[in-house]
Protein chains: 2
Amino acid sequence: MKAANKHTKIIHAATKVFAKKGFFNARISDIAKEAKVADGTIYLYFNNKFDILISVFEEEIGALIEQVKKLLSTEDDPRKMIEIFTRNHLSVMKKNKHLAEVIQIELRQSAKLIKDYRNNKFSEYVDIISSIIKLGQERSIYRATIRPGIAKRAFFGALDEISRVWTVGIATDYTVEEATQQILDIFLCGILEPDAPCL
Amino acid sequence: MKAANKHTKIIHAATKVFAKKGFFNARISDIAKEAKVADGTIYLYFNNKFDILISVFEEEIGALIEQVKKLLSTEDDPRKMIEIFTRNHLSVMKKNKHLAEVIQIELRQSAKLIKDYRNNKFSEYVDIISSIIKLGQERSIYRATIRPGIAKRAFFGALDEISRVWTVGIATDYTVEEATQQILDIFLCGILEPDAPCL
DNA sequence: ATACAATAAATGAATAGTCATTCATAATAC
DNA sequence: GTATTATGAATGACTATTCATTTATTGTAT
């Protein structure tokens, strides 16, 4: 089997296992079993257990960034752009529960787990939000008093917590589309210029 | 030393150690050292390591609930109530970094760590937000189309992510008061009746 | 007061189980 | 036949929990 192939297989297996058991309860042998390789094989592709986790972040979030950037590239209206980001994030998180769990839980620990790992990809992802807000401000669509660096966190935090319900498995009484509409309703009307039409 | 005293000492020590090292990297001996008791003493007050973590949640969040409910009891305007909740949450999280870290990181894992623990206290805390929203809707201050069950999560998620910056130790370029104003600006204008004055 | 016993609280070294990582060996490819 | 890739049992380090022992507290009789 080609190396790249096995590398990817291990990443996907690790995402699944980390999501199910959490980083610390995940055994290397669990990941090996899931990927259908020997325990030792994993060490041909990764330096250690932390390295696997970092790679999961980098590659899975990297793919997410590519996907949403591609979707956004065809749109010019900052209002629609926020809508696209929201719907994409929520639907990916609802569909790909393993990735959702890793982002929601393991990513938060990473600073504590691994010194000198800065989550560059994650920052890049969240910064997409602030760049949309800035664009909207330049065009006087979003209010100038909104601070993009704060709003991006508020917005991402809201999406993250909304989608957390789906992974935790609480009886979910709302769909992706309903959640998207509510988020847009709350946020857009909050960050639109006062005299702009609200939705 | 009185029993209740030692119990509390261990809880505080555990909060500190869990915050610094995370649940899995925290050794019982670390907690014992921090609390200035012997390792074995901890097992006179708690059944096991998980039990310590659950007690940290219940007691620390319990105190937080008491505090914010007391503050809210003197206020009647749903707009002011949201403001009080926001300012209180952010300032507690900025001051009590240990608690903040435990809530932001360990609490999220708890469902995976400990079967049949439902985070009742945490739900109770977040439900304060939805009850404020409902109150505002009854009085036609908040729009009826807002779903309190979704909005409470969006709101809490925003606060949580905003305050996460302070614990992670990223160079923070905003104060509690600035963050509070931004959050209120974004959310209140979003959930206020369209013809109501925006801030 | 004082001595003694009984109970409760606290200690920390020893146990027992868990797993990440290594590496001698085997299989496969070239 | 050499190089590359894969294997999985063995190693070694780590730590939650236990429990035999010590120390402190309380009660009682003299």
Side-chain angles (χ1 to χ4, degrees), chain A residues 1-58 102 105-106 109-117, chain B residues 1-58 102 105-106 109-117:
Chain A
M1 179 180 287
K2 274 205 295 241
N5 205 336
K6 206 158 264 192
H7 179 94
T8 306
K9 255 177 77 176
I10 294 169
I11 289 282
H12 289 327
T15 306
K16 195 167 174 180
V17 175
F18 287 152
K20 182 149 51 180
K21 304 186 127 191
F23 179 77
F24 285 107
N25 288 316
R27 279 164 293 186
I28 292 293
S29 59
D30 292 331
I31 298 171
K33 200 179 200 178
E34 181 72 38
K36 286 172 187 153
V37 299
D39 293 16
T41 304
I42 288 180
Y43 289 88
L44 299 175
Y45 295 90
F46 301 92
N47 296 325
N48 52 47
K49 202 179 166 186
F50 291 146
D51 191 30
I52 304 174
L53 185 63
I54 291 177
S55 301
V56 166
F57 293 152
E58 296 288 318
V102 171
I105 298 173
E106 309 306 328
Q109 299 200 2
S110 62
K112 212 176 301 177
L113 301 184
I114 311 148
K115 286 184 209 302
D116 50 70
Y117 170 59
Chain B
M1 180 181 285
K2 275 205 294 240
N5 206 336
K6 207 157 262 191
H7 180 94
T8 306
K9 254 177 78 177
I10 294 169
I11 289 283
H12 289 328
T15 306
K16 194 167 173 182
V17 175
F18 287 153
K20 183 149 52 181
K21 305 187 126 189
F23 179 77
F24 286 108
N25 288 316
R27 278 166 295 187
I28 292 292
S29 59
D30 293 331
I31 298 171
K33 201 180 200 178
E34 181 71 39
K36 288 175 185 149
V37 299
D39 294 16
T41 304
I42 288 179
Y43 289 88
L44 299 176
Y45 295 90
F46 301 92
N47 296 325
N48 52 47
K49 202 178 167 186
F50 290 145
D51 191 30
I52 305 175
L53 185 62
I54 291 178
S55 301
V56 167
F57 293 153
E58 296 288 320
V102 171
I105 299 174
E106 309 306 329
Q109 300 201 2
S110 61
K112 213 176 300 176
L113 302 185
I114 310 150
K115 285 185 209 300
D116 51 69
Y117 171 59

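Every chain is numbered from 1 and lettered A, B, ... according to where its sequence line falls, protein lines coming before strand lines. Source: prediction; values computed, not measured.
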**Q.** Whole-Å distance separating the NE2 atom of B:His7 from the C1' atom of C:dA9
**A.** 16 Å
Q.
Of the listed nucleotides (D:dA16, D:dA6, C:dT11), which one gets closest to any side-chain atom of B:Thr41?
A. C:dT11
Q. Under the side chain to side chain contact (heavy atoms under 4.5 Å, CB included) criterion, do A:Lys21 and A:Arg27 qualify, and how do the steps go?
A. CA-CA 9 Å; A:Lys21 304 186 127 191; A:Arg27 279 164 293 186; 3.1 Å; yes
Q. Counting just side-chain N and O atoms, does B:Lys6 come under 4.0 Å of either OP1 or OP2 of C:dA9?
A. no
Q. Given the rule in the side chain to side chain contact (heavy atoms under 4.5 Å, CB included) test, do A:Ile105 and A:Phe18 qualify, once you have shown the distances and angles that lead to the verdict?
A. CA-CA 10 Å; A:Ile105 298 173; A:Phe18 287 152; over 6 Å; no
Nucleotides 24-27 of chain C: which of its N/O atoms have a protein N/O under 3.5 Å away?
none

Q: Establish, yes or no, whether a centroid distance under 6.0 Å links the rings of A:Phe23 and B:Phe24.
A: no
Q) Whole-Å distance between D:dG12 P and A:Asn48 CG? A) 20 Å
Q) Reckon B:Tyr45 has a side-chain N or O less than 4.0 Å from the OP1 or OP2 of C:dA10? A) yes
Q: Would you kindly give the CG-to-P distance between A:Asn47 and C:dT21, to the nearest whole Å?
A: 10 Å
Q) In residues 27-39 of chain B, which residues come under 4.0 Å of DNA chain D by heavy atom? A) B:Arg27, B:Ile28
Q: Return the value, rounded to whole Å, for the distance between atom CG of B:Leu44 and atom P of C:dT11.
A: 9 Å
Q) Starting at CD1 of B:Ile42 and ending at P of C:dA10, how long is that distance when rounded to a whole Å? A) 12 Å
Q: Flag yes if more than 12 heavy atoms outside B:Lys20 fall under 6.0 Å of its NZ atom; otherwise flag no.
A: no
Q) Between B:Asp30 and B:Asn25, what is the shortest heavy-atom contact and its length? A) OD2-O, 4.1 Å
Q.
The criterion is salt bridge (charged side-chain N to carboxylate O under 4.0 Å, His left out); which residues satisfy it with A:Lys16, sequence neighbours excluded?
A. A:Glu34
Q) Minimum heavy-atom separation for A:Ile42 to A:Val37, with atom names? A) CG1-CG2, 4.2 Å
(Q) How many whole angstroms separate atom CZ of A:Phe50 from atom C1' of C:dC19? (A) 13 Å
Q. Which of these passes side chain to side chain contact (heavy atoms under 4.5 Å, CB included) with A:Ile10: A:Asn5, A:Leu44, A:Ile31, A:Thr15?
A. A:Ile31
Q) A:Phe24 has an atom CZ; how far is it from atom C1' of D:dC14, in whole Å? A) 13 Å
Q: Give, ordered by number, those residues of residues 12-20 of chain B having at least one heavy-atom distance below 4.0 Å to an atom of DNA chain C; if nothing qualifies, reply none.
A: none
Q. Within a reach of under 6.0 Å around NZ of B:Lys36, are more than 12 heavy atoms found that belong to other residues, nucleotides or ligands?
A. no
**Q.** Pairs where residues 40-52 of chain A contributes a residue and the test salt bridge (Lys or Arg N to Asp or Glu O under 4.0 Å) is met, not counting sequence neighbours
**A.** none
Q: Among C:dT21, D:dT17, C:dA10, find the nucleotide with the atom closest to the side chain of B:Tyr43.
A: D:dT17
Q) If you look at every heavy atom in A:Ala14 and A:Ile52, which pair is closest and at what distance? A) CB-CG2, 3.5 Å
Q: To the nearest Å, give me how far apart NZ (B:Lys49) and P (D:dT18) are.
A: 15 Å
Q: Check ring-ring contact (aromatic ring centres under 6.0 Å, His included) between B:Tyr43 and all other residues, then give those that pass, not counting sequence neighbours.
A: none
